[in-house]
Amino acid sequence: MAFTTALSLPSPARLHHRLPNRSSLSLPRTIRCSSPSISVSPSKSMQFDLRSYWTTLISEINTKLEEAIPVKYPQQIYEAMRYSVLAKGGKRAPPVMCVAVCELFGGDRLAAFPTACALEMVHAASLIHDDLPCMDDDPSRRGQPSNHTVYGVDMAILAGDALFPLGFRHIVSHTPSHLVPEGQLIRVIAEIARSVGSTGMAAGQFLDLEGAPNSVDFVQRKKFGEMAECSAVCGGFLGGAADDDILRLRRYGRAVGMLYQVVDDVLKAKTKSEEDEEKKKKGKSYVDVYGMEKAMEVAEELRAKAKRELSGFDKYGDSVVPLYSFVDFAAERGFTIDTSV
């Protein structure tokens, strides 16, 4: 799931590499958040301007994040933390989803912002650690060198370590008590702790490193579905959602997070060079394990599953439309974020 950015339609070159059309993805209707050349099934998000909605939230969230991580002593740790959290290439998907779900249940946006910022801190921390040489060994992230490439492995570890507790502290110290009862706030904190812990994202990273056979489903669910699930559930807690709605949000968020990553894998596979093929690590994605055709089928199934879960929220009227749009965006990538602004 860094937003002081504007949004722009993708270039023709990017459109050429979009997810290949399949019969179930190529009905003759388009959604507003997609390029006119991308055909998708009719949906509730057809007339919703996700780009404007997302842009507005990006600006607000970026302002809050800037205030949440001021530079203090020791300065270098804070600079490393800010480098990753405030990176211009961040899409801010976790905080945006959290706010959208909170508002679905009638919650105040102001009640969601502290948790939204915390989710971005936690997300950034997980990326810092994932990129380390002993983990995924990625030299770049969000269009810039990875944290450890700039600040060194030792400082990157410390920056990630510091961001996790800062997120929890920010929730407790900045959430308006008159908007969110203490019991709901405790559930939010517990949910984030669960999602990043040994049964959540850490478990996914462990199996990803181990390269265990037949583990791709678990790895994808934990490494990529967990953050979106947590974001949706936290928004539900903040908005006062009932327990059965929380369960539906879990399934919805997990499906959206996995859908986004599966589509990413498909797009990357279509543009890989022969050198990339030689370097790739086996078993990292659905494309690597099952092939392009099967990965496409998985993406379609996840998209349908996410929308089925949302049908239970149709009673809330237009408030649910942003959540439908997130699903279509995850599948279609109808616009990109211009990080030059």
Side-chain angles (χ1 to χ4, degrees), residues 1-5 44-45 48-69 85 90-123 166-195 227-250 252-253 256 309-310 312-327 329:
M1 83 108 306
F3 273 175
T4 315
T5 58
K44 294 180 182 296
S45 64
F48 180 70
D49 190 351
L50 179 61
R51 182 163 51 180
S52 296
Y53 178 84
W54 206 322
T55 304
T56 300
L57 278 175
I58 284 172
S59 179
E60 293 180 85
I61 291 166
N62 273 348
T63 299
K64 300 292 185 182
L65 283 170
E66 180 74 34
E67 297 169 351
I69 316 177
V85 173
K91 292 181 282 293
R92 301 291 190 253
V96 169
M97 179 175 287
C98 175
V99 172
V101 172
C102 178
E103 292 184 325
L104 169 66
F105 294 98
D108 191 316
R109 184 172 290 192
L110 294 177
F113 277 143
T115 296
C117 288
L119 287 168
E120 189 62 29
M121 294 177 197
V122 167
H123 187 215
L166 179 60
F168 291 124
R169 179 181 178 183
H170 191 73
I171 293 173
V172 173
S173 61
H174 286 75
T175 304
S177 58
H178 67 284
L179 293 178
V180 184
E182 183 178 305
Q184 291 173 215
L185 208 58
I186 291 174
R187 296 182 78 181
V188 167
I189 294 171
E191 176 63 23
I192 297 175
R194 181 204 62 77
S195 71
M227 193 74 238
E229 175 185 338
C230 176
S231 301
V233 168
C234 285
F237 286 149
L238 294 166
D243 287 346
D244 58 339
D245 287 335
I246 292 296
L247 292 176
R248 193 177 291 275
L249 287 170
R250 283 196 185 284
Y252 161 77
V256 173
E309 298 300 339
L310 286 181
F313 301 130
D314 287 347
K315 58 188 176 184
Y316 295 106
D318 290 344
S319 296
V320 75
V321 173
L323 302 186
Y324 276 103
S325 290
F326 293 155
V327 180
F329 175 76

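Since the structure is predicted, the reported quantities are computational estimates derived from the model, not experimental observations. Just the heavy atoms: all of them, side chains too, but no hydrogens, waters or symmetry mates, feed the values below.
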Minimum heavy-atom separation for [X] to [Y], with atom names?
X: Gly253; Y: Ala228; value: O-CB, 3.1 Å
X: Ile192; Y: Cys234; value: CG1-SG, 3.8 Å
X: Met227; Y: Ser231; value: O-OG, 2.8 Å
X: Met121; Y: Ala68; value: CE-CB, 3.6 Å
X: Leu119; Y: Pro94; value: CD1-O, 4.1 Å
X: Val101; Y: Ala232; value: CG1-O, 3.3 Å

Give me the ring orientation class for His174 and His170: parallel if the planes are under 30° apart, tilted from 30 to 60°, perpendicular past 60°.
-> parallel
Criterion ring-ring contact (aromatic ring centres under 6.0 Å, His included) on Tyr53 and Phe48, from CA distance to verdict | CA-CA 9 Å; Tyr53 178 84; Phe48 180 70; 5.5 Å; yes
Rounded to the nearest 0.5 Å, what separates atom [atom1] in [X] from atom [atom2] in [Y]?
X: Leu65; Y: Cys117; atom1: CG; atom2: SG; result: 4.0 Å
X: Leu185; Y: Thr175; atom1: CG; atom2: OG1; result: 4.5 Å
X: Phe313; Y: Leu323; atom1: CZ; atom2: CG; result: 8.0 Å
X: Phe113; Y: Leu57; atom1: CZ; atom2: CG; result: 6.0 Å
X: Ser195; Y: His123; atom1: OG; atom2: NE2; result: 11.0 Å
X: Asp318; Y: Leu104; atom1: CG; atom2: CG; result: 11.5 Å

How about [X] and [Y]: do any of their side-chain heavy atoms sit closer than 4.5 Å?
X: Cys98; Y: Leu238; answer: yes
X: Trp54; Y: Phe329; answer: yes
X: Thr115; Y: Val180; answer: no
X: Glu120; Y: Ile61; answer: no
X: Leu249; Y: Phe237; answer: no
X: Phe168; Y: Val188; answer: no
X: Leu310; Y: Phe326; answer: no

Heavy-atom neighbours of Glu182 CD exceed 12 at 6.0 Å =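 Not buried by this count: 12 neighbours or fewer within 6.0 Å.
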Arg109: what forms a side chain to side chain donor-acceptor pair (under 3.5 Å) with it, not counting sequence neighbours?
->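 For Arg109, the residues satisfying side chain to side chain donor-acceptor pair (under 3.5 Å) (neighbours in sequence not counted) are Glu60, Glu103.
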List in chain and number order the residues that pass salt bridge (charged side-chain N to carboxylate O under 4.0 Å, His left out) with Glu191, two or more places apart in sequence or in another chain; answer none if no residue qualifies.
->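 For Glu191, the residues satisfying salt bridge (charged side-chain N to carboxylate O under 4.0 Å, His left out) (neighbours in sequence not counted) are Arg194, Arg250.
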Check: Ser59 main-chain N/O paired with Thr63 side-chain donor or acceptor under 3.5 Å =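 Pair found, side chain donor or acceptor close to backbone of Ser59.
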Any side-chain hydrogen bond (donor to acceptor under 3.5 Å, both in side chains) involving residues 234-248? Give me the pairs, sequence neighbours left out, ordered by first then second residue.
-> Arg187-Asp243
